[in-house]
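Note sheet for the following structure.
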Amino acid sequence: MSQLKIYNSLTRQKEVFTPITPGHVGMYVCGPTVSGESHLGHARPYITFDVVYRYLTHLGNKVRYVRNITDAGHFEEEGREAEDKISKKAVLEKLEPMELVQKYTNLFHWAMEKFNNIPPSIEPTATGHIVEQIGMIEQIIEAGYAYVSNGSVYFDVKKYAASHDYGKLSGRVIEDLLETTRELEGQEEKRDTADFALWKNAAPEHIMRWKSPWGIGFPGWHIECSAMATKYLGAQFDIHGGGMDLLFPHHESEIAQSTICNHVAPVRYWVHNNMITINGRKMGKSYNNVIKLTELFSGDHPLLAKAFHPMVIRFFILQTQYRSTLDFSNEALQAAEKGLKRLWDAWEKLKALEYVQEGTVDENLDKKVLQLVQELEEFMNDDFNTAKVLANLFELVPVINSMKDKLIAAGALKEETFSFLKKQLQLYIEDILGLQGVSEADNDRLQGVMQLLIDIRKEAKGKKDFATSDKIRNQLAQLGISLKDEKGGEMSWSVEG
RNA sequence: GGUCCUGUGGCCGAGUGGCUAGGCAGAGCUCUGCAAAAGCUCGUACAGCGGUUCGAAUCCGCUCGGGACCUCCA
C-alpha cells in the first residue's frame, strides 16, 4: 500500500503526509467572503478540498475541517477612501450589512449542497471571533512585532524578517518588498510599505465597527484566519488550503502572525489549488469575466450556451489535477456533461449487475480490471490525482457495458474481482469523488408512468406496430426524455439535462 | 520592472527519460425494424531552434507565446 503524498507549497515538492497526531487531521481552508455571490472560480477550492476531506476520512483519519466565512469585510481599496467592502455595498443596496451577509451565506451554502460538498466540521465567522482577533493582535504588540499608529495596528514586517523568513511560502524576497514604493495614501500610518494591517481604525461612516484597545475599528485582512485556525486547530495543524492567489500576501502574513503568537510554524502542509481561467485569463471580479454559480446552474449568462448541472461542474473540476489551471469553455463543459453521463450510466448498470458464474474466467481481463481498480488508490495517494482516477474509471466503462450487454460473459471475471470492482467503484465514484447522477427522475410517479409507457411500447414492438412504438419514443423525446432500446428487448430511459 | 508558473492532437486535459492516459468532437465497422445507446477500430499530438543522452513531450539553453502574484481576490 502506497503512502499519501501531498504537494507542499512551502517546500515545493511532494511529501509523504504524516499527521501531527496519528489518526487525526486538522485542516483549514479559506472560505468565502460573503459580500457577493460565489462564481465558478470559487467552486474549485471547495470541491478540491471536499475531495481531500473525503479521502483523508476514508484513510481512517478523524478530520476536523475548518472553513471560515469572511463576513467582516475587507478594504475595497487601501487608503483615504478605504471603506469596509460589506458596508459599502450595503449602502448601495440599502440593506443591513448582516442581511447582506446572511443572504450570500445562504446562497453559498445552497451551492455547496448542490455540489455535494460535505459541510465542514466548523464554519466560524470572522465577526464571531473579534475577541480572539483582538487577543492575537495584543500578543503581537507585546512581542514587539506590531505597532499602533493613529488608531490602527500594523505588523512590522521588517522586524519580523530580521529573524524570520518572510516570503518563504510565496517566494518573495524581503528586500524587494521593502523597496516597493506605492503611491497609496494612508501609507503614512505605516513605518514601511510592506507592513500590513492587523487592525484598522474605522471612519465614522463605517457600519461594521468594534471597540478595541486602539479605538473603534475593524480587523485587518489576514488576522481572522490566524485567530480562528489557532482557536480550533491549535498552534500547529496539518493542512491549510486555499487558492494560489492567496499565497501572497494572505498566507504569508498568516504564517508571520501565527509564528509570533504561537512560536511555531502554524502549518505543516500548505496546499493550493490553481485558478479557473476563461479565455486563458483568471476568472475574477477585477477582470470582469465572472460567471456566477447561479448563472451557471440556470444558463442565464451571455457566455453560456446552456445551463450546467452542479455535478457537471464538479466532474469538470475533478477531471483536472488541482494544481493545474483549468480553462472554461462551453465546449469543455459540454464534454464534461457527456462524460459524466457515460460514467454514471455504466456505474448504475454495474450496481444492478449480480455476479453469475458462467463461462470461463478471462485471466487477462481479470488481471487488467484488477489493476485498473487497484491503481485508483495509488493515484489518489499521488497528490490527489483525480484526473488519473477518472481516466481509469473510464477504462472500466467498456468492461461494465460489455458485461451488461453480455458481450463479455458474466463469469469472465473472478467473483472476488467482480465484488472488488463494485465495492471500489462505490467508494471512489460516490464516496471519494462525491459524484452523483444528474437525472431528475427520482420521482415515484414519473417512474410509474414511464413503466407504463415502456410496457405499452414493448407490446407494440412485439406486434411490429412500429408506428405506435415510434410515437411513444418520439413524443417522449420532445418532452426531454430519451428512451433507448437495449439488447434483449429491455428499455431504459433518462431525463435529458 | 521583480518573483514564479506554463505552452500537449479540433476542444478539455493526464503524463518529468524509453511502455496506448482519459473525456468530448470526428471517421469507419458491428449490433439494431429505425433511432439512440453500446462494442470494436482509427487520427499517431507534445510552441520553435539548438544541446545532453543509446533514447526526450519529459533534462539544459535560447527564442516566441500565454498566465499568476507583487493590490481585495478561490
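Residue numbers begin at 1 in each chain, while the letters A, B, ... track the order of the sequences. Since the model is a prediction, treat every value here as computed from it, not as a measurement.
- Across all strands shown, A/Met275 has heavy atoms under 4.0 Å from base atoms, whether or not it also approaches the sugar-phosphate.
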B/S/- along nucleotides 30-36 of chain B (protein heavy atoms under 4.0 Å) is -S-BBBB

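- Taking the C1' atom of each, B/C12 and B/A45 are spaced 14 Å apart, rounded to whole Å.
- More than 12 non-hydrogen atoms from other residues, nucleotides or ligands lie less than 6.0 angstrom from CD of A/Glu486.
- Summarising the geometry, the separation between NZ on A/Lys406 and C1' on B/A38 is reported as 14 Å, rounded to the nearest angstrom.
- B/A47 and B/U41 are spaced 29 Å apart, taking the P atom of each and rounding to whole Å.
- Between A/Ser324 and B/G13 there is no side-chain polar atom (N or O) within less than 4.0 angstrom of OP1 or OP2.
- Closest-nucleotide positions on RNA chain B for A/Tyr287 and A/Thr325 were compared, and the one nearer the 5' end corresponds to A/Thr325.
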Can you check nucleotides 17-28 of chain B for protein contacts, nitrogen or oxygen pairs under 3.5 Å, and list what you find?
{"from": "B/A25", "atom 1": "OP1", "to": "A/Lys338", "atom 2": "NZ", "distance (Å)": "3.1"}

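- Dashed line: the shortest gap from a side-chain N or O of A/Asn273 to OP1 or OP2 of B/A74 is not under 4.0 Å.
- In this structure, the side chain of A/Ser152 engages the main chain of A/Asn201 through a donor-acceptor pair within 3.5 Å.
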At a cut-off of 3.5 Å, list every protein nitrogen or oxygen paired with a nitrogen or oxygen from nucleotides 1-4 of chain B, distance to 0.1 Å.
{"from": "B/G2", "atom 1": "O2'", "to": "A/Asp176", "atom 2": "OD2", "distance (Å)": "2.9"}
{"from": "B/U3", "atom 1": "O2'", "to": "A/Gly171", "atom 2": "O", "distance (Å)": "3.2"}

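- The gap from the P atom of B/G65 to that of B/C29 amounts to 46 Å, rounded to the nearest Å.
- Scanning for salt bridge (Lys or Arg N to Asp or Glu O under 4.0 Å) contacts around A/Lys406 gives an empty result, with sequence neighbours left out.
- At B/C11, none of the side-chain N or O atoms of A/Asn330 fall inside 4.0 Å of OP1 or OP2 (strictly under the cut-off).
- For the P atom pair drawn from B/G26 and B/A37, the interatomic distance equals 10 Å after rounding to whole Å.
- If you measure from atom CG of A/Asp327 to atom C1' of B/U8, you get 14 Å, rounded to the nearest angstrom.
- Under 3.5 Å, the side chains of A/Gln257 and A/Ser226 contain a donor-acceptor pair of N or O atoms.
- Using modelled atom types and a 3.5 Å distance limit, the side chains of A/Asp50 and A/Tyr65 yield no donor-acceptor pair.
- Across the C1' atoms, B/G43 and B/U6 are found 27 Å apart, a figure rounded to whole Å.
- Checking B/G7 for Watson-Crick or G-U wobble geometry (two distances, each under 3.5 Å) identifies B/C64 as its partner.
- Checked by atom type and distance alone, the side chain of A/His42 pairs as donor or acceptor with a backbone atom of A/His39 at under 3.5 Å.
- Across every strand in view, B/A35 sits unpaired, with no contact that passes the Watson-Crick or G-U test at under 3.5 angstrom.
- Side chain of A/Asp156 to main chain of A/Asp195: no donor-acceptor pair is present (N/O by atom type, distance under 3.5 Å, no hydrogens or angles).
- Listed by chain and number, the residues in a salt bridge (Lys or Arg N to Asp or Glu O under 4.0 Å) with A/Asp470 are A/Arg473 (sequence neighbours excluded).
- Distance from the side chain of A/Thr33 is smallest to B/A74 among B/A74, B/C69, B/G15.
- Across all strands shown, A/Leu407 has heavy atoms under 4.0 Å from sugar-phosphate atoms exclusively, and none from any base.
- Among residue pairs with one or both ends in residues 364-376 of chain A, those qualifying as side chain to side chain donor-acceptor pair (under 3.5 Å) are A/Asp366-A/Thr417, A/Gln371-A/Glu375, A/Glu375-A/Asn392; sequence neighbours excluded.
- Every residue two or more places apart in sequence or in another chain that forms a side-chain hydrogen bond (donor to acceptor under 3.5 Å, both in side chains) with A/Lys461 is listed here: A/Asp485.
- Atom C1' of nucleotide B/A14 and atom CZ of A/Arg323 are separated by 13 Å, given to the nearest angstrom.
- For A/Tyr104 and A/Glu37, the side-chain atoms include no donor-acceptor pair closer than 3.5 Å.
- Here B/C73 is the nucleotide among B/C73, B/C70, B/G13 with the atom lying nearest to any side-chain atom of A/Leu246.
- Nucleotides B/U32 and B/A14, compared at atom C1', are 36 Å apart to the nearest Å.
- For RNA chain B, the residues of residues 38-46 of chain A within the heavy-atom distance limit of 4.0 Å (strictly under) are A/His39, A/Gly41, A/His42, A/Pro45, A/Tyr46, sorted by number.
- Using Watson-Crick or G-U wobble geometry with both donor-acceptor distances under 3.5 Å, B/C40 finds its partner in B/G28.
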Could you pull out all donor-acceptor pairs under 3.5 Å where a side-chain atom in residues 270-278 of chain A meets a protein atom, sequence neighbours excluded?
{"from": "A/His272", "atom 1": "ND1", "to": "A/Ser9", "atom 2": "OG", "distance (Å)": "2.7"}
{"from": "A/His272", "atom 1": "NE2", "to": "A/His251", "atom 2": "ND1", "distance (Å)": "2.8"}
{"from": "A/Asn273", "atom 1": "OD1", "to": "A/Gly243", "atom 2": "N", "distance (Å)": "3.4"}
{"from": "A/Thr277", "atom 1": "OG1", "to": "A/Leu326", "atom 2": "O", "distance (Å)": "3.4"}
{"from": "A/Thr277", "atom 1": "OG1", "to": "A/Asp327", "atom 2": "OD1", "distance (Å)": "2.5"}

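- Residue A/Lys14 is the one, among A/Arg281 and A/Lys14, whose nearest nucleotide of RNA chain B lies closer to the 5' end (criterion: closest heavy atom).
- Residue pairs meeting the salt bridge (charged side-chain N to carboxylate O under 4.0 Å, His left out) criterion with at least one partner in residues 238-257 of chain A, sequence neighbours excluded, are A/Asp245-A/Lys282.
- For A/Ile276, taking side-chain heavy atoms from C-beta onward, the closest of the listed nucleotides B/A74, B/G15, B/C69 is B/A74.
- Both distances falling under 3.5 Å, in either a Watson-Crick or a G-U wobble arrangement, place B/G1 opposite B/C70.
- Taking the ring centre of A/Phe218 as origin, the terminal cationic atom of A/Arg209 falls outside the region bounded by 6.0 Å and 45° from the ring axis.
- Evaluation of the side-chain hydrogen bond (donor to acceptor under 3.5 Å, both in side chains) rule for A/His301 yields no partner, not counting sequence neighbours.
- Taking atom C1' in both B/C69 and B/G48, one finds a spacing of 28 Å when rounded to whole Å.
- Relative to the side chain of A/Leu326, the nucleotides B/A14, B/A74, B/C12 differ in distance, and B/C12 lies closest.
- Here A/Glu490 pairs with A/Lys458 under the salt bridge (Lys or Arg N to Asp or Glu O under 4.0 Å) rule; sequence neighbours left out.
- Rounded to the nearest Å, the gap between the P atom of B/G67 and that of B/U8 is 14 Å.
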